[in-house]
Amino acid sequence: MGVFRRTPEEKEAIAEMKAADKALNENSDREFAAGIRHETDEYQRLNAAANDAAAKVSFWHGGTKKRGG
């Protein structure tokens, strides 16, 4: 198995991270279009979810998880 191959669990975590990022970005775009220029409760909730999802994905696959963690 190669270094960059993904396990089924990693694939699921990556998909969850991408979905969380997409939700955050879509919300940010909606709020910006509505003239909202501060971090709303919804933005903070989605940002925390995106950060939590990224923490489960290896740095090598776009997340923030460190080696061995």
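These figures come from a predicted structure and were not determined experimentally.
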Inset, instruction - Starting from Phe32, walk the hydrophobic network (Ile, Leu, Val, Met, Phe, Trp, Tyr; side-chain heavy atoms closer than 4.5 Å) and list everyone else you reach, by chain and number. - result: none
Legend entry - Residues forming a side chain to side chain donor-acceptor pair (under 3.5 Å) with Thr40, sequence neighbours excluded: Glu31
Legend entry - Taking every non-hydrogen atom, the tightest pair across Ala20 and Ala50: CB-CA, 3.7 Å
Legend entry - Nearest-0.5 Å distance that lies between atom CD1 in Ile36 and atom OH in Tyr43: 13.0 Å
Legend entry - Flag side-chain contact, heavy atom, 4.5 Å: Val57 against Met17: yes
Legend entry - Qualifying side chain to side chain donor-acceptor pair (under 3.5 Å) pairs, either residue in residues 44-54, two or more places apart: Glu42-Arg45
Inset, instruction - List the steps, then state whether side chain to side chain contact (heavy atoms under 4.5 Å, CB included) holds for His61 with Arg6. - result: CA-CA 9 Å; His61 298 302; Arg6 296 175 184 112; 3.2 Å; yes
Legend entry - Minimum-distance pair of heavy atoms, taken over all atoms of Lys65 and Ala55: CB-O, 3.2 Å
Legend entry - salt bridge (charged side-chain N to carboxylate O under 4.0 Å, His left out) contacts touching residues 21-30 (sequence neighbours left out): Lys22-Glu26
Inset, instruction - Kindly write out the residues that satisfy side chain to side chain contact (heavy atoms under 4.5 Å, CB included) with Glu16, not counting sequence neighbours, or none if the list is empty. - result: Glu12
Legend entry - Phe59 side chain reached by Thr64 side chain, heavy atoms, under 4.5 Å: no
